[in-house]
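Owing to the predicted nature of the structure, the values given are computational and were not obtained by experimental measurement. Order of the sequence lines fixes the chain letters, A, B, ..., with proteins taken first and strands second; residue numbering starts at 1 for each chain.
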Amino acid sequence: MRGTSSNPWKSVIDFIVEIIAEKTELDRMQIIESLEVPPDPNLGDLATTVSFQLAKIEKKNPALIANKIVEYLEQAAEKEGFIERIESKGPYINIFLNRGALAKFVISCVSELDTDYGKSDSYKGLRALLEYPAVNPSKPWHIGHTRNAVIGDTLGNILEHVGYDVIRLDYINDLGLQIAQITWKLMMDGEPENIEEKYDHFLGKIYVEVQEAFEKFESIEKEIREVSRKLEDLSSSESKHSLKMVTKCVKAQYQTAYRLGIYHDYQVWESAIAHSGLLEIAREKMMECENVVKLEEGEKAGCIVAKLDSIDDFKDMKDPNKVLFRSDGTRTYTGADIALQMWKFGIYPDPFFYQIFEKQPNGEEILRTALEGKKNGIGKVDLVFNVIGTAQAHPQKLVYSILDLLGYEEESQNSHHIAYEFVGLEETDFSGRKGTWIGYTCDEVLDKAKELAYEEVAKRNPDWGEEQNDQVAEQVAVGALRYFMLNASPDRKITFRWEDALDFNGDAAPYLQYSYARATRILEKIDAQENQEGNLSLLSAPQEFELVKAIAKLPEEILEVARGMRKNVWGTGFSSNRITSYSYNLATLFSRFYDSCPVLKAEPGLMAARLELVKSFRTTISNCLSLLGIPVIERM
RNA sequence: GGGCCCGUUGCCUAGUCUGGAUAGGGCGCUAGCCUUCUAAGUUAGAGGUCGCCGGUUCGAAUCCGGCCGGGCCCGCCA
């Protein structure tokens, strides 16, 4: 193998497949599928189970076949420097790579690509629109919302890494009943002069109070419903009050998002949807379909419904006529969701105007939909990913199926529900209404994590000042929380326990950050002039070799996650935990290397080679951390 | 009634799509390792009927069927 590759492990695999293909009758796909990593590195670096497949064809003992093939393969492999040896063990054919040659190849790939190492252009030219976390603008983010936001943000990073152009969208429901409830309360009581709390926390608590009254007293419910109706009228005082309140709330919520390194490109506001004419345009489009009709009689007389009895998945519904627009003409959630999904794909002309909501700390402006402003829409997108809890699997499926029913087959296929299970407590779930989230907001969890991290940082770095302690503690806290959310497979419920979320040892973000800091420290201690050419073929210790192999696999690992995003009956799978476990494993291998292979005390030639390896590791783990949105810490 | 997700050691969990060698980790527990690049680390050890039963297969945590337990979903609600 000559030169460098953006996917070194894949290059090694291709090389081996080529050799096997020359010596057997099997096609390349079969060979690729037969390749696996043996359970124990002592058995080899790669193995092939082609003997099982050949045994079926030739009707012979697989072990005998393996024995025979190995002889041929050894001859072929000898010509190139990449393979050390090939041996059979029973039916398995085990391949040992040349450690020095692989180290040389992998390290040159990483050093060439640097911060781009891990990226690929496999999906170049495709545009993906992601929606997350769409938290109601009436309360602070709790840890359930945090899971949504972190999954969405990380998914965006991964899609960007494999070549997608990614648009990050947030949805602001400023017309919901929850907003009416708070508006009612604030207009009655007047807004307090000095609110000491963060504004979203303040609203959240009011909301819990109002909700109680709302459920208890019919008269209050009636008043609030009236406020809700008035919110639809943009000239009403209720609407004007609510707009100020919601804007303030979203800005407060975004302070939390920014702490986590989460940014967006656009916001879609429900009030803009309601008054832009979007719903009317969408409704007309929908009614062009013969399966969307206005019912004349029966319980749903006057409603515009989608007839779903022809679709297998929905024929067991109580009534397969799904209401999209009520008899009074207003849209249902499903109706609005379909209209919005159509907008995302640009099925009809964009009716929105756009205004700057605010400038984010990353320097980028976030645009919100509005009724006046500039006409800079999102343009054509190929795929839409909605990050929504798994409880909404059925409604999401409805939206995509109806899209298909309307004739937008491709758009339906390209609609993805990224489903994740909820975060709960041992005894209860998080409920906005009951206020069970109090004490478990994202801000509180981050603050508590930071407090603990601060103690640790101060203990380890007695010479640091308060500012440096504080900064690192914040980075540790953010990393720990993001990792905690990503390391759980999205289809698994998270039971939130402080001792788990705040455990900074073992399988957690600080471990990764620490490995980076250690690598950085080694490199810092070397003066530039000592930078001599290292003989990379000296890197043959098992700890060095295992680290090299792990580094080599990053690009393929990211691609595997992207390829694994297939549609299922419940949504589209997204294995965020694969990236965390890859990164954890990489850091573990570095820790072992660190413990058993001294760098600065090694012989000059070996030292230079190990320095190169440390550099490669540092780049790779750094790229993993930025993919996961975990802050990189130089010293901790 | 119908559909979906989960069940792996004291606790948390990877692996299940695409079957393959002794089922990986982490927490906790036990015993080592800092005069050596940051011990948020590392080495070793104890701990498992992969929910249960059956089937397919040379081979099943993984595929198929049937159960059991936990959660979620099937509104002109929000």
Open item on the list: Does the Lys NZ or Arg CZ of A/Arg518 fall within the cation-pi geometry relative to A/Phe590 - under 6.0 Å from the ring centre and within 45° of the axis?
Closed with: no
Open item on the list: Let's test this: given Watson-Crick or G-U wobble pairing with both distances under 3.5 Å, identify the partner of B/C63.
Closed with: B/G55
Open item on the list: Can you tell me the base-pairing partner of B/G69? Count Watson-Crick or G-U wobble geometry only, both distances below 3.5 Å, and say none if there is no partner.
Closed with: B/C6
Could you tabulate the donor-acceptor pairs under 3.5 Å formed by side-chain atoms of residues 597-611 of chain A, not counting sequence neighbours?
unit_1: A/Arg610; atom_1: NE; unit_2: A/Glu544; atom_2: OE2; d: 2.6
unit_1: A/Arg610; atom_1: NH1; unit_2: A/Pro598; atom_2: O; d: 2.7
unit_1: A/Arg610; atom_1: NH2; unit_2: A/Glu544; atom_2: OE2; d: 3.1

Open item on the list: Any carboxylate oxygen within less than 4.0 angstrom of a Lys/Arg side-chain nitrogen, looking at A/Lys615 and A/Glu612?
Closed with: yes
- [ ] Name the pairing partner of B/C37, where a pair is Watson-Crick or G-U wobble with both distances under 3.5 Å, or state none.
- [x] none
Task: Aromatic ring pairing A/Tyr584/A/Tyr511, orientation class (parallel under 30°, perpendicular over 60°, tilted between) - done: tilted
Task: A/Glu634 bridged to A/Arg618 by N-O distance under 4.0 Å - done: yes
Just the atom pairs and distances: protein N or O near nucleotides 65-69 of chain B's N or O, under 3.5 Å.
none

Open item on the list: How many whole angstroms separate atom CZ of A/Arg492 from atom C1' of B/U16?
Closed with: 12 Å
Open item on the list: What contact category does A/Pro38 fall into here, base, sugar-phosphate, or nothing, at under 4.0 angstrom with non-hydrogen atoms?
Closed with: base
Open item on the list: Taking pairing as Watson-Crick or G-U wobble with both contacts under 3.5 Å, can you name the mate of B/U42, or confirm there isn't one?
Closed with: B/G32
Open item on the list: For A/Trp437, does the six-membered ring have the charged nitrogen or CZ of A/Lys139 within the cation-pi criterion, i.e. under 6.0 angstrom from the centroid and within 45° of the normal?
Closed with: no
- [ ] Do nucleotides 22-37 of chain B as a string where each nucleotide becomes B, S or -: B if the base has a protein heavy atom under 4.0 Å, S if just the sugar-phosphate does, - if no protein is that close.
- [x] B--SSS--------SB
Open item on the list: Need to verify one output field. Residue with the more 5' nearest nucleotide on RNA chain B, A/Phe52 or A/Leu177?
Closed with: A/Phe52
